[in-house]
Amino acid sequence: MSFLAALFSSLAWAAPAVEAEEHAASVGELIFPLVNFLIFLYLVKLLYEKGIPGFPAPKEFLRSRRQDILEAINEANEAKQRADALVHDYKNRLAKLAEELRAIREALRAEGEREKAKLLAEAKEIA
């Protein structure tokens with residue numbers, strides 16, 4: 001339902017009920033509310049473009065608000081990209097973790113074998 005249809009239907013509900021008499025709306029009942037509404041629209045348009053003296057115009061406020069929102073969206077996208085890169089890095093580290101553990105175990109086992117051989121050699125010398 002359009003705005004004007006809603007406006008005129010609300011005027012019809014607000015009109016006083018006449019018991020048995022029906023009559024068409026006079027020209028004044030149609031023209032004056034329409035002129036009043038057009039004046040209201042003009043004032044809203046003026047307020048939107050120029051604002052109230054001493055206060056910023058709503059148009060400028062909405063433009064700056066849009067810029068702030070766009071900047072916040074860009075910052076959020078950059079933060080998301082950084083987080084995605086961090087997640088990717090940690091996934092790569094986790095994938096390599098099993099290999100690193102195996103390498104550390106082998107290094108420790110080799111070190112233990114060297115120490116064992118060294119201790120056995122020392123024991124033979126002492127004996």
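Nothing fancy with the numbering, it's 1 onward along the sequence. From a predicted model like this one, the values you see are computed outputs, not experimental measurements.
- Here the straight-line distance linking atom CG of D89 with atom CG of D84 works out to 12.5 Å at 0.5 Å rounding.
- Contact annotation: the side chain of R66 approaches that of L70 to within less than 4.5 Å [non-hydrogen atoms, C-beta and beyond].
- Summarising the geometry, atom CD belonging to E100 is positioned 11.0 Å from atom CZ belonging to R102; distances are rounded to the nearest 0.5 Å.
- Taken from CG in L43 to CG in L38, the straight-line distance is 11.0 Å, to the nearest 0.5 Å.
- Using a 4.5 Å heavy-atom cutoff, the side chains of L97 and L94 are in contact.
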Q) What do the steps show when you test E113 against R109 for salt bridge (Lys or Arg N to Asp or Glu O under 4.0 Å), and what is the final call? A) CA-CA 6 Å; E113 290 295 325; R109 196 168 279 141; over 6 Å; no

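- Once rounded to the nearest 0.5 Å, the distance linking NE2 of H88 with CG of L86 reads 11.5 Å.
- Residue E99 places its CD atom among 12 or fewer non-hydrogen atoms of other residues, nucleotides or ligands, all under 6.0 Å distant.
- Side-chain atoms of E111 and E115, non-hydrogen and from C-beta on, do get closer than 4.5 Å to each other.
- Note that CG of N36 is 12.5 Å distant from CD1 of I31, once rounded to the nearest 0.5 Å.
- Under the 4.5 Å side-chain criterion, counting only non-hydrogen atoms from C-beta, K124 is not in contact with L120.
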